[in-house]
Number of protein chains: 2
Amino acid sequence: MDTKSRSARVYPCQKCPLKDRKVFRDLTGDELNFISRFKKGELSVDKGGTVLAEGTRNPHLYTILKGWAFRYKLLTDGRRQIVNFAMPGDLVGLQGTLMGDMQHSVEALSPMLLCVFEREELLRLYEAHPALGYDVTWIAAREESILDENLLSVGRRSALERLAYLLSFIAERARDVGLFNGRPMEIPITQQHLADTLGLSLVHTNKTVRKLAQGKLLRWRDGGCEILDLERLEDLAGWSPVEFPPRPFI
Amino acid sequence: MDTKSRSARVYPCQKCPLKDRKVFRDLTGDELNFISRFKKGELSVDKGGTVLAEGTRNPHLYTILKGWAFRYKLLTDGRRQIVNFAMPGDLVGLQGTLMGDMQHSVEALSPMLLCVFEREELLRLYEAHPALGYDVTWIAAREESILDENLLSVGRRSALERLAYLLSFIAERARDVGLFNGRPMEIPITQQHLADTLGLSLVHTNKTVRKLAQGKLLRWRDGGCEILDLERLEDLAGWSPVEFPPRPFI
DNA sequence: CGCGGTTTTGAGAATCCTCAAAACCAGTGG
DNA sequence: CCACTGGTTTTGAGGATTCTCAAAACCGCG
C-alpha cells in the first residue's frame with residue numbers, strides 16, 4: 001500500500017514542466033541553478049500511498065510535480081478531517097520541516113511524482129537566495145489563506161454551498177496548474193473524501209452531490225467527480241474571484 | 001470606534017517585555033539590533049478597533065505587544081467566521097504583506113499595543129538576516145498548523161468538544177505568553193465570538209457554555225470567560241499536549 | 001431611568017446524523 | 001467466463017443535533 005519509490009531524476013529543473021506556467025513567477029537563472037542543486041531526487045508514490053505521516057519526522061520536503069494528494073488530520077477515535085488538497089506546484093512537508101514532527105498526514109489521490117528536498121538544507125536556501133526564502137514564506141501564507149477560506153466554509157456555509165465552493169475551488173486551482181488542459185474537469189476523489197473535507201457525513205454528502213448531479217452541474221463517474229458547469233457551481237458557491245500575482249514555487 | 005493611534009516608542013526592542021519568555025527563542029545581539037531598526041513605531045488600538053480590514057492593502061505588518069485580537073472573514077450576507085485569535089508575540093498582517101490585499105480582518109478584543117513594521121522592508125530582513133526570514137516562515141507554518149487544528153474541530157468535533165477544545169487551546173496559548181501570570185484565567189470574549197469561532201449559533205453556544213458552567217469548568221463574568229478547571233476542560237477536549245521547541249518571533 | 005449590548009430560556013423546525021441495506025462496479029481467482 | 005470480494009454510491013427511515021424565532025433577564029453606562 002505504502003509504495004514509495006525513489007527514482008532516477010527524470011525532470012531536471014531546467015526542464016521542469018511547471019516552470020513556464022503563467023501562474024508561477026519566473027525564476028532567474030541563478031535561482032534555477034540553486035534549486036536544481038537543492039533538489040535531491042524524485043519520489044513516486046502510488047495512489048493511496050502515504051507521503052507524510054502525522055507524528056513522524058521526515059527528513060524531506062517535497063514539491064509536487066504530478067498527481068493529486070490531500071492533507072488530513074485524525075482524532076483518536078478515527079474521525080478524519082481533510083484540511084486541504086495538494087496538486088502540482090504545491091509544497092508539502094514545510095510544517096514538519098520547520099516545527100519538527102508532522103502535525104498532519106498527506107496521502108496520494110493518484111499516482112504522484114514529487115521533487116525531493118532535504119529539510120536540513122532549507123536554511124541554506126534562505127542564506128543563498130533570500131528571495132527564495134521569501135517565496136517559501138509566500139507559499140506558507142497562501143496555504144494559510146486557503147485554510148481560512150476552508151474554515152469559513154465549514155463553519156458558516158450550508159452543505160450545498162460548501163460542496164459547491166469546494167468543487168469550484170479545486171477546479172480553479174487544478175485548471176491553473178494545467179491538470180485539465182482542455183480535457184474534461186475530472187477530480188479523482190471519492191464522496192468519502194468530500195465528506196471528510198466538508199465536515200459532513202457520507203450519507204448527507206451523497207444526497208448533496210445528488211442534487212448537483214440532477215441539476216447537471218456535475219456527474220460522478222468511475223471513481224471521480226466531473227465538473228460539468230463550473231460557472232453555475234461558482235454562482236451557487238457565492239464565488240468571488242480573487243486575483244493574485246504570479247505565485248512562487250520551488 | 002476605529003480608534004488607532006500611533007504613539008511614541010515606549011518599548012525599545014532591547015527592553016521588549018516578551019523577549020525573555022521561555023516560549024520564544026533567544027535572539028542574537030545582531031538580530032535584535034536589526035529588528036530594532038526594522039520596527040517603525042508603536043500603534044495602540046482600542047477595544048473593538050479594526051487593526052486590518054479584508055480587501056484593503058495595508059503598508060504595515062504588526063507584532064502584538066499587548067492585548068488580544070481575533071482574525072475573521074465575512075460572507076456577503078454577514079455570516080462571520082473567526083479563524084483564529086491573536087495575542088502577544090503573534091505576527092499579524094503577514095498574508096497581506098506577501099500577497100497584496102488582506103483576505104481577512106483583524107479586530108481588537110481589548111486595548112492593544114502593536115509594534116509596527118513596514119511591509120516593503122520585509123525582503124530586506126530576509127537579505128540581512130536569513131535566520132530571521134526563516135523565523136517568519138516558521139511563524140507562518142505555526143499559524144497554518146493552528147488552522148489545521150481549528151478546521152479539525154469545526155469539521156469533526158461535537159459542540160461540547162469544540163468549545164472545550166477552543167477554550168483549552170486559548171488558555172494554553174495565553175498562559176505561555178504570560179497573559180494570566182498567576183491571576184485568574186480570564187478571556188475577554190463574548191459568546192458571540194465563541195459562536196463565530198466554533199461555527200455554531202449563538203443560542204446553541206450559550207447552551208453549551210451553560211453545561212460547562214454547571215460543571216464548574218468555567219464561569220461567565222463581566223463580559224468574559226473565566227476558566228476554572230483547565231485540566232478537566234482538556235480532558236473533555238481530548239487534549240494531546242504537543243511540545244514545540246521555543247518559537248521565534250520578531 | 002433608559003439604552004444597547006449581552007446572556008439566558010423556551011419552543012418548534014430544519015439540517016444533518018446514524019443505522020441499515022441494497023445496488024453497483026472493478027478486480028481477482030477459480 | 002463466472003462467482004466472489006471489497007470498495008463505493010445510493011436510498012430509506014427515524015432520530016439527534018443544531019438552528020431560527022422570540023422574548024425575557026441582566027448589566028454597565030450615560
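Sequence lines set the chain letters: A, B, ... in the order given, protein chains first and strands last, and positions in each chain run from 1. The figures that follow rest on heavy atoms only: side chains count, while hydrogens, waters and symmetry mates do not. Predicted, not measured: the structure shown is a model, and the values here were computed from it.
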Can you check the B/Arg79 CZ to C/dT15 P distance for me, whole Å?
13 Å
In this structure, how many angstroms lie between the C1' atom of C/dC24 and the CZ atom of A/Arg221, rounded?
16 Å
Summarise protein proximity over nucleotides 8-18 of chain D in one line of letters, 5' to 3': B for base, S for sugar-phosphate only, - for none, counting protein heavy atoms closer than 4.0 Å.
SBBBBB----B
Separation of A/Asn84 CG from A/Met87 CE (nearest 0.5 Å)
8.0 Å
For A/Phe70 and A/His193, I'd like to know if the aromatic rings sit close, meaning centre-to-centre distance below 6.0 Å.
yes
Under 3.5 Å, is there a donor-acceptor pair linking the side chains of B/Glu149 and B/Tyr165?
yes
Is the shortest distance from a Lys or Arg side-chain nitrogen in B/Arg71 or B/Glu54 to a carboxylate oxygen in the other one below 4.0 Å?
no
For B/Ser153, is there any backbone N or O sitting under 3.5 Å from a side-chain donor or acceptor partner on A/Gln81?
no
